[in-house]
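Chain letters run A, B, ... following the sequence lines, proteins first and then strands; every chain starts at 1.
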Amino acid sequence: MPELPEVETIARGVNVRVRGDRILEAWFGSHREPFKTSPVRQAKHLVERQIQSVHRIGKHIVMELGPQGRGSAAGEPEKNTASIAAQWIVHLGMTGRLLVTTPDTPVAKHTHARLTLESGQELRFVDPRRFGRLEFRDLNRDKKFTGPGAEPLTIAAADFAELFRTRKLAIKAALLNQTLLAGVGNIYADESLFRAGIRPRKRAGRLTKLELEELRKALRQILEHAIRLGGSSVSDYVDAEGAPGFFQLEHCVYQRTGEPCRKCGNPIRRIVVAGRSTHYCSQCQR
DNA sequence: CATTTCACCTGGTGGC
DNA sequence: TGCCACCAGGTGAAAT
């Protein structure tokens, strides 16, 4: 489901609601996937920590946590709120949702985790297909999470070009590789290639300097625009409050097979690249 | 090492 | 209504 704009939207929404809150209880409903860290370890280490902030790295939602402990006496404000001692890292896979709810909200099918917060809210992770992953890192022991690849919103032109210079695979496949750029998925790979006028099957290493710079700018502009519209709701994506996004209304090629190109009117084609549905205009993309 | 393919899951849709 | 094939925003292991 979620790519960079959707994950960014969710992370912002969750951050606004839970920043400064404390985790009182942690419940995990399954002992199979989706756990990168065992649910027992996660539950044990998540409780009695303050949530310092929630933000996005690539397609991951990272919750920065303070040290474990009961905190100060009642009424006392928490000290040392700047110290990050641990991280809870959420990957939503294809169908994952991270929702902030009230305790009385009915628990959806496929709810795998529930965190009870001091404010009375609950943070819930729901994921029917179980492609999502939950991970806990103790920063006294584990390495800080920095994401698999570069951030598409801030990468410099020269660094962007260097990522693809020596690659023989299709540019579409390269865009989906999270160890190169982190956060681009099937929708935004197709949309950015359309905007830059580049064929998805063109070999990454054969793009000219100019094409690479067009692609970097197209990608950044599309991602920023999609974030402003709250992401793309193709079938069931919703943000932290359960609200949909609206960027799907502005898709030029993604899931528009056979429909007329918004620029030239030619029917949009569907092919398979890197095992994924790929949509493009044979007229506008060379 | 770089690249490709496929398994991992559940659920929705459309054809017959 | 039922059955079946196919499709879906994503990885990551195994094969090539």
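- With hydrogens and angles left out, the side-chain atoms of A:Thr111 and A:Arg124 include no donor and acceptor closer than 3.5 Å.
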Distances under 3.5 Å only, N/O to N/O: pair up the protein atoms with those of nucleotides 11-13 of chain C.
residue : atom : partner  : partner atom : Å
C:dT11  : OP1  : A:His91  : NE2          : 3.1
C:dT11  : OP2  : A:Lys59  : NZ           : 2.3
C:dT11  : OP2  : A:Gln178 : NE2          : 3.4

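- Taking the six-membered ring where the residue is Trp, A:Phe125 and A:His112 present tilted rings, their angle falling between 30° and 60°.
- Comparing B:dG11 with C:dG12, their P atoms sit 23 Å apart, to the nearest whole Å.
- Partners of A:Ser192 according to the side-chain contact (heavy atoms from CB on, under 4.5 Å) rule, which considers only residues two or more places apart in sequence or in another chain, are A:Leu175, A:Leu215, A:Leu219, A:Ile222.
- Residues in residues 180-198 of chain A take part in these salt bridge (Lys or Arg N to Asp or Glu O under 4.0 Å) pairs, two or more places apart or across chains: A:Lys172-A:Asp190.
- Taking atom CE on A:Met94 and atom P on C:dC6, their separation rounds to 17 Å, with Å as the unit.
- The distance between atom CD1 of A:Ile10 and atom P of C:dG10, rounded to the nearest whole Å, is 13 Å.
- Put simply, A:Tyr254 has a side-chain N or O that comes within less than 4.0 Å of OP1 or OP2 on C:dG9.
- Counting to the nearest Å, the P atom of B:dC9 and the CG atom of A:Leu92 are 19 Å from each other.
- Of the candidate nucleotides B:dT10, B:dT4, C:dG10, B:dT4 has the atom lying nearest to any side-chain atom of A:Arg203.
- When only modelled atom types and interatomic distance are considered, A:Glu3 and A:Tyr237 share no side-chain donor-acceptor pair under 3.5 Å.
- If you check every strand for non-hydrogen atoms under 4.0 Å, A:Ser233 touches a base.
- Taking atom CZ of residue A:Arg165 and atom C1' of nucleotide B:dA2, one finds them 15 Å apart after rounding to whole Å.
- A:His279 has its NE2 atom 11 Å from the P atom of C:dC7, to the nearest Å.
- Atom CG of A:Asn177 is separated from atom P of C:dG10 by 13 Å (rounded to the nearest Å).
- Base pairing in DNA chain B yields stems of at least 3 consecutive Watson-Crick or G-U pairs, both distances under 3.5 Å, namely B:2-8 with C:10-16, B:10-16 with C:2-8.
- With hydrogens and angles left out, the side chain of A:Arg129 and the base of B:dC9 share a donor-acceptor pair within 3.5 Å.
- Contact of A:Arg167 with B:dA2 (side chain to base): no donor-acceptor pair of N or O atoms is detected under 3.5 Å.
- Between A:His112 atom NE2 and B:dC9 atom P the separation is 12 Å, expressed in whole Å.
- Side-chain N/O atoms of A:His110 include none lying less than 4.0 angstrom from OP1 or OP2 on B:dC9.
- In this structure A:Lys44 satisfies the side-chain contact (heavy atoms from CB on, under 4.5 Å) test with no other residue, sequence neighbours excluded.
- Contact check, A:Ser277 against C:dA8: a side-chain N or O comes under 4.0 Å of OP1 or OP2.
- For residues 261-286 of chain A, the set of pairs meeting the ring-ring contact (aromatic ring centres under 6.0 Å, His included) definition, not counting sequence neighbours, comprises A:Tyr254-A:His279.
- Side chain of A:Phe131, nearest nucleotide from B:dC8, C:dA8, B:dT10: B:dC8.
- Atom CG of A:Leu169 and atom C1' of B:dT5 are 14 Å apart (whole Å).
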Requested in this report: Step by step, work out the side-chain hydrogen bond (donor to acceptor under 3.5 Å, both in side chains) result for A:Asp127 and A:Thr95.
Outcome: CA-CA 5 Å; A:Asp127 183 15; A:Thr95 53; 2.6 Å; yes

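- Side-chain contact, A:Arg270 with A:Ser277: a donor N or O sits under 3.5 Å from an acceptor N or O.
- Between the OG atom of A:Ser83 and the CD atom of A:Gln52 there is a distance of 6.0 Å, given to the nearest 0.5 Å.
- Comparing the P positions of B:dT3 and C:dG9 gives a spacing of 23 Å, expressed to the nearest Å.
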